[in-house]
**Q** 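Handing you this structure, nothing more for now.
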Amino acid sequence: MSKIAAVTMVGALALTGCGSNSGGGGGGGSSSSGGSASEDVCKSKTDGDGPKIGLAYDVGGRGDQSFNDSAYAGLEKAVEDLDATCVEANAQTDDNDTTRAERLRTLAEGGVNPVIAVGYLYSPAAAKVAPEYPDVDFAVIDGYASTIATDATNLADLTFAENEGSYLVGVAAALESKSGKIGFVGGVDGELIQKFEAGYVAGAKSVKPDIDIAIQYLTQDQADAATGYENPSGGKAAAEAMYQDGADVVYHAAGKSGLGVFQAAAAAGDGNWAIGVDSDQYLTAPKDQQPRILTSMLKRIDTAVLEAGKAVQDDSWKSGFVTYDLKSDGVGYSTSGGFVDDLKTQIDEAADQIKSGEVTVPAKPEN
């Protein structure tokens, strides 16, 4: 397994997505995985009898066809199932803990409940703001806020077993690879994205112990989220290098930067594949890229958002960590396009081994 030094940002970064109370944004011409710009539920549904949900997006915003869009899909489901209404707030590339805290305060003071922050970067801000609004429930996707504000009964961290879902697509990658070399492109080199790497590597090696795996992160700076997650040109450059070096399957965990991985896969042509993340990215990819998307690791952020809304509606809020794993259908893999149909039996066998406890998936890379 080879690990390549993080690359620098290539090209200009553009903010996309929606601002507070605004409509959908860019990102390959698509909005969420569950709707389009003409079906903006946060604009069209303003008088629901259910909870009013506030969603603070991560860098990249709605339109990233991945992490943020999966959260928005949960809003859409909440509008449909809970008669909810919603308010959205967009992140900025120069955010810090102070600006994130102000964003959460603005949502709380606007009468929403719950306030859901998308991404671990909101953890310090949520830990500071939640005690100020004890009658409002706060949740952080991938967060650790409850380890800071340990006495806050209105604060939850919604986490996922990304390593388990990544194990499954690692199995798929190894089974599909003809060259015996695959790749992984990560956004920010930190504990969260390392879970994706660790699971992917373990899954691939469970099929082919001697498989060669190239690993590259777009940045090692924890504060540089834009380079990691909003950098399609950087993702493309990283994947292009891997394909040129013989890899024929590349998995990304890099938010909007992963759109560049799909571009590289399409340019590499037949026999080369990309693997998406968070949502079923085959469904939102351009038609010329769809034939190159083998599968996607599904991280059910949409389910977490919907269940947070339900918890407020039912007065059943739970503070602390709530984990969505393979057994609870919190992670998984997609089958759109039919490219893993002949691999499905072996992937599902791996899933059963994880669910039964026969296989424990590592959460950290070996080195």
Side-chain angles (χ1 to χ4, degrees), residues 33-34 51 53 55 66-78 80-82 84 114 116-120 123 137-147 155-172 191-196 198-200 202-203 206 253 275-281 295-336 340 344 347-364:
S33 56
I53 301 172
L55 192 65
S66 183
F67 189 64
N68 289 290
D69 279 356
S70 185
Y72 177 73
L75 277 185
E76 291 184 305
K77 191 66 172 172
E80 178 182 347
D81 290 2
L82 309 178
I116 304 173
V118 183
Y120 64 88
S123 296
D137 292 318
F138 291 78
V140 183
I141 303 292
D142 290 336
Y144 57 89
S146 61
T147 67
L155 179 60
D157 291 301
L158 309 181
T159 61
F160 299 80
E162 297 95 347
N163 53 325
E164 294 182 355
S166 297
Y167 186 99
L168 301 185
V169 299
V171 169
E191 185 174 332
L192 174 62
I193 305 303
Q194 286 173 3
K195 288 173 66 180
F196 293 82
Y200 180 64
S206 74
I275 295 176
V277 75
D278 294 336
S279 58
D280 185 349
Q281 296 198 281
T295 181
S296 296
M297 195 285 282
L298 301 178
K299 179 175 173 179
R300 300 309 302 270
I301 300 166
D302 55 340
T303 298
V305 170
L306 175 62
E307 292 191 354
K310 284 182 179 177
V312 168
Q313 187 175 59
D314 300 340
D315 196 24
S316 59
W317 188 265
K318 293 181 180 178
S319 60
F321 283 92
V322 180
T323 300
Y324 295 85
D325 59 10
L326 192 59
K327 187 177 291 188
S328 64
D329 199 29
V331 294
Y333 72 100
S334 66
T335 59
S336 295
V340 295
K344 194 173 186 302
I347 299 172
D348 289 346
E349 286 176 356
D352 289 340
Q353 291 173 335
I354 295 170
K355 292 175 184 177
S356 69
E358 180 180 346
V359 169
T360 301
V361 183
K364 296 181 179 179

**Q** Do Asp278 and Ser70 pair up side chain to side chain, a donor and an acceptor below 3.5 Å, judged on atom types alone?
**A**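 Checked: Asp278/Ser70 side chains show no N/O donor-acceptor pair below 3.5 Å.
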**Q** Can I get a per-line list of side-chain donor-acceptor pairs under 3.5 Å for residues 303-316, giving both atom names and the distance, sequence neighbours left out?
**A**
unit_1: Glu307; atom_1: OE1; unit_2: Tyr324; atom_2: OH; d: 3.0
unit_1: Gln313; atom_1: NE2; unit_2: Leu82; atom_2: O; d: 3.2

**Q** Do Phe67 and Val277 pass the side chain to side chain contact (heavy atoms under 4.5 Å, CB included) test, and can you show the C-alpha distance, the side-chain angles, and the key distance before you say yes or no?
**A** CA-CA 8 Å; Phe67 189 64; Val277 75; over 6 Å; no
**Q** Among all residues two or more places apart in sequence or in another chain, which pass the side chain to side chain donor-acceptor pair (under 3.5 Å) test with Thr159?
**A** Thr323
**Q** Ignoring hydrogens, what is the shortest heavy-atom contact between Val171 and Ala350? Give both atom names and the distance.
**A**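 Result for this residue pair: CG2-CB, 4.2 Å.
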**Q** Would Leu326 and Leu168 count as a side chain to side chain contact (heavy atoms under 4.5 Å, CB included) here? Give the steps.
**A** CA-CA 10 Å; Leu326 192 59; Leu168 301 185; 3.9 Å; yes
**Q** Give a yes or no answer on whether the side chain of Lys327 reaches the backbone of Lys355 with a donor-acceptor pair at less than 3.5 Å.
**A** yes
**Q** Of all heavy-atom pairs between Tyr144 and Phe321, which one has the smallest distance, and what is that distance?
**A**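 Of all heavy-atom pairs spanning Tyr144 and Phe321, the closest is CA-CZ, 4.0 Å.
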**Q** Can any side-chain N or O of Ser146 pair as donor or acceptor with the backbone N or O of Ala156 at less than 3.5 Å?
**A**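 Checking the backbone N and O of Ala156 against the side chain of Ser146, no donor-acceptor pair under 3.5 Å is found.
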**Q** Taking side chain to side chain donor-acceptor pair (under 3.5 Å) as the test, write out the residues that go with Ser166, two or more places apart.
**A**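 With neighbours one apart ignored, the set is Tyr251.
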**Q** Do you know which two heavy atoms are closest between Ala198 and Ala363, and how far apart they sit?
**A**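 Where Ala198 meets Ala363 most closely, the heavy atoms are CB-C, 3.9 Å.
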**Q** Under a 3.5 Å distance rule, please check whether Asn163 uses its side chain to pair with a backbone N or O of Val361 as donor and acceptor.
**A** yes
**Q** Say you draw a straight line from CZ of Phe196 to CD1 of Ile193; how long is it, rounded to the nearest 0.5 Å?
**A** 5.0 Å
**Q** Can you sort out the partners of Asp348 under side chain to side chain donor-acceptor pair (under 3.5 Å), two or more places apart, ordered by chain and number?
**A**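 Testing Asp348 for side chain to side chain donor-acceptor pair (under 3.5 Å), a comparison that skips the adjacent residues, returns Tyr333, Lys344.
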**Q** How long is the straight-line distance from CD1 of Ile301 back to CG of Asn68, given to the nearest 0.5 Å?
**A**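 Going from CG on Asn68 over to CD1 on Ile301, the span is 8.0 Å.
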**Q** Sequence neighbours excluded, which residues qualify as salt bridge (charged side-chain N to carboxylate O under 4.0 Å, His left out) partners of Asp157?
**A**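 Partners of Asp157 by the salt bridge (charged side-chain N to carboxylate O under 4.0 Å, His left out) criterion come out as none, since no residue qualifies.
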**Q** Check whether Ser296 reaches the backbone of Ser334 with its side chain - one donor and one acceptor, N or O, closer than 3.5 Å.
**A**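 No: the side chain of Ser296 does not pair with the backbone of Ser334.
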**Q** Testing the basics here: between Gly165 and Val331, what is the closest heavy-atom pair and its distance to 0.1 Å?
**A**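 Looking at all heavy atoms of both residues, the closest pair is N-CG2, 3.7 Å.
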**Q** Once you round to the nearest 0.5 Å, how far does CG of Asp137 lie from CD1 of Ile53?
**A** 11.5 Å
**Q** What pairs with Lys299 under salt bridge (charged side-chain N to carboxylate O under 4.0 Å, His left out), at least two apart in sequence or on another chain?
**A** Asp142, Glu162
**Q** Any chance you could measure Leu192, atom CG, to Phe160, atom CZ, to the nearest 0.5 Å?
**A** 10.5 Å
**Q** With rounding to the nearest 0.5 angstrom, report the CG to OG distance, Asp280 to Ser336.
**A**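 Atom-to-atom, Asp280:CG and Ser336:OG are 3.5 Å apart.
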**Q** Considering non-hydrogen atoms only, spot the tightest contact between Ser123 and Gly143 and give its length.
**A**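 The answer is OG-CA, 3.3 Å.
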**Q** Once you round to the nearest 0.5 Å, how far does CD of Glu191 lie from OH of Tyr120?
**A**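 Those atoms lie 10.5 Å apart.
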**Q** I need the minimum non-hydrogen distance between Gly276 and Gln281, along with the two atoms involved.
**A** CA-OE1, 3.2 Å
